[in-house]
Amino acid sequence: AVLLYTSGTTGAPKGAVLTHANLLACGAGFAEALQVTGEDRMATALPLFHVFGQAAVMFTVFTAGGSMSLQRPFDPAGLLRMAADQQLTSLAGVPTMWNAMLHAETDVTAADLTNLRLACSGGAALPLEVAKAFRDRFGAMVLDGYGLSETTGAASFNREIHPRKEMSVGRALDGCKLGIFDDDRNQLPPGEVGEVAIAGPVVMREYWGRPEATDAVRDGEWFFTGDIGRMDEDGDLWIVDRKKDLVIRGGYNVYPREVEEVLYGHPDVLEAAVIGVADERLGEEIAAVITPQPGASIDAGAMRAWLEERVASYKVPRIYSIVEELPKGAT
């Protein structure tokens with residue numbers, strides 16, 4: 001049906017070959033998980049050339065027979081105004097969009113969004129502080145999930161009917177299976193950390209014209225994601241980080257997402273990214289790239305001291321870069 005290209009963050013973009021059956025399974029899985037019906041009115045400013053907007057949002061709405069409103073380009077205050085004026089029941093976006101709406105200058109309040117029952121997040125890890133603050137300001141529950149271009153944007157999602165577990169991306173969608181595997185591709189028991197794999201009708205047919213790349217990520221029914229995670233006895237999934245984002249500092253493993261979550265809890269931080277930087281002595285050093293809140297200033301020494309009270313010392317960034325805005329691609 002479509003070729004959707006990966007973002008190419010770890011190499012050249014690859015074309016995921018998605019079939020008509022993949023798209024139908026994605027729409028059906030999300031419609032069931034989110035309880036979307038023909039009465040729902042959803043909006044997004046996501047690009048429809050990306051799997052989140054095209055498959056997870058558009059096909060879900062079409063499957064359920066609801067309506068879909070689009071905004072282009074993304075304007076945080078404008079999307080909130082659309083939600084109020086059209087009495088939307090759900091919005092869909094990536095974490096940077098929720099963060100932008102959270103801090104938008106707007107006269108829209110929770111009282112204007114009484115029909116907005118869901119804010120659906122995906123595409124990247126959603127900082128818990130952002131989800132809590134968005135619900136406090138606008139009243140909508142922010143639910144997130146997990147999927148990739150190669151799995152038609154679908155794998156797991158949180159449900160309103162299940163108790164929300166902090167930082168979990170929920171349980172497998174209908175028809176999907178999740179597994180955690182070690183480096184030798186042996187499946188691990190609940191609670192163990194390893195590579196996340198997905199099986200089911202949402203998994204792509206292949207990478208277009210890249211048989212070796214396809215073979216590297218497929219093993220029987222399983223697609224190996226390159227993400228590190230763990231599952232509990234209930235089947236709820238936690239994503240620890242991208243396998244290739246792991247920073248090894250002096251022999252210690254540091255997952256950037258853990259440090260980023262703490263940074264988002266600082267009142268002066270608007271956006272944050274943690275990365276590894278080559279270091280002759282330690283192999284890699286940890287760097288934090290931070291955008292301050294409007295009107296705030298960030299002192300690197302004070303930030304380091306603040307972090308040292310909250311995370312293990314080997315995880316604390318030693319390098320700080322304060323920027324006006326984090327760079328973002330179209331996806």
Side-chain angles (χ1 to χ4, degrees), residues 1-2 4 16 18-72 74 79-80 82-94 97-98 101 112-123 126 131 134-135 138-162 164 168-178 198 200-204 235 237 331:
V2 292
L4 291 186
L18 302 181
T19 66
H20 297 82
N22 287 152
L23 292 168
L24 291 168
C26 170
F30 277 120
E32 184 277 331
L34 300 177
Q35 298 295 290
V36 182
T37 72
E39 301 301 311
D40 274 294
R41 299 176 297 282
M42 181 177 274
T44 191
L46 291 162
L48 297 185
F49 59 76
H50 186 248
V51 71
F52 188 9
Q54 183 180 132
V57 178
M58 187 168 71
F59 255 86
T60 299
V61 174
F62 290 174
T63 297
S67 70
M68 182 174 171
S69 297
L70 298 174
Q71 184 202 48
R72 179 182 177 186
F74 170 57
L79 192 56
L80 289 165
M82 179 188 285
D85 290 348
Q86 298 186 15
Q87 291 297 290
L88 298 175
T89 60
S90 57
L91 291 173
V94 294
M97 293 164 70
W98 301 118
M101 285 187 278
D112 302 309
L113 301 172
T114 53
N115 286 300
L116 189 65
R117 65 181 181 89
L118 278 181
C120 303
S121 186
L126 177 69
F134 189 89
R135 184 168 191 179
F138 297 114
M141 179 185 293
V142 185
L143 294 180
D144 59 346
Y146 173 68
L148 303 91
S149 298
E150 294 93 334
T151 65
T152 326
S156 72
F157 215 84
N158 279 291
R159 273 83 152 173
E160 288 181 273
I161 60 172
H162 292 152
R164 185 72 194 276
S168 167
V169 291
R171 303 177 189 182
L173 297 176
D174 261 12
C176 296
K177 287 199 303 186
L178 301 171
I198 301 163
V202 295
V203 175
M204 68 173 185
L237 174 67
T331 58

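This is a predicted model, so every value here is computed, not measured.
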Taking every non-hydrogen atom, the tightest pair across [X] and [Y]:
{"X": "Ser168", "Y": "Leu237", "result": "OG-O, 3.0 Å"}
{"X": "Phe30", "Y": "Ala154", "result": "CE1-CB, 3.6 Å"}
{"X": "Ala155", "Y": "Leu178", "result": "CB-CD2, 4.2 Å"}
{"X": "Val94", "Y": "Gly123", "result": "CG1-CA, 4.3 Å"}
{"X": "Cys176", "Y": "Val202", "result": "SG-CG2, 3.7 Å"}
{"X": "Ala119", "Y": "Trp98", "result": "CB-CH2, 3.4 Å"}

Tell me, do [X] and [Y] make a side-chain contact under 4.5 Å, heavy atoms counted?
{"X": "Leu148", "Y": "Ile198", "value": "yes"}
{"X": "Met97", "Y": "Leu46", "value": "yes"}
{"X": "Leu91", "Y": "Thr44", "value": "no"}
{"X": "Leu4", "Y": "Met204", "value": "no"}
{"X": "Met101", "Y": "Phe74", "value": "yes"}
{"X": "Phe157", "Y": "Leu34", "value": "yes"}
{"X": "Leu88", "Y": "Asn115", "value": "no"}

Atom pair [atom1]/[atom2] of [X] and [Y] - distance to nearest 0.5 Å:
{"X": "Glu160", "Y": "Gln35", "atom1": "CD", "atom2": "CD", "result": "8.0 Å"}
{"X": "Leu113", "Y": "Leu80", "atom1": "CG", "atom2": "CG", "result": "6.5 Å"}
{"X": "Ser90", "Y": "Leu116", "atom1": "OG", "atom2": "CG", "result": "7.5 Å"}

Would you say [X]'s side chain and [Y]'s backbone share a donor-acceptor pair under 3.5 angstrom?
{"X": "Arg159", "Y": "Arg171", "answer": "yes"}
{"X": "Gln54", "Y": "Leu48", "answer": "yes"}
{"X": "Asn22", "Y": "Val203", "answer": "yes"}
{"X": "Thr89", "Y": "Arg41", "answer": "yes"}
{"X": "Asp174", "Y": "Gly29", "answer": "no"}

Go through the structure and list residues passing ring pair (Phe, Tyr, Trp, His ring centres under 6.0 Å) with Tyr146, not counting sequence neighbours.
none

Name every donor-acceptor pair, under 3.5 Å, that has one atom in a side chain of residues 56-69 and the other anywhere in the protein, sequence neighbours excluded.
unit_1 : atom_1 : unit_2 : atom_2 : d
Thr60  : OG1    : Ala56  : O      : 2.5
Thr63  : OG1    : Phe59  : O      : 2.6
Ser69  : OG     : Gln86  : OE1    : 2.6

Partner set under side chain to side chain contact (heavy atoms under 4.5 Å, CB included) for Thr114, not counting sequence neighbours
Gln87

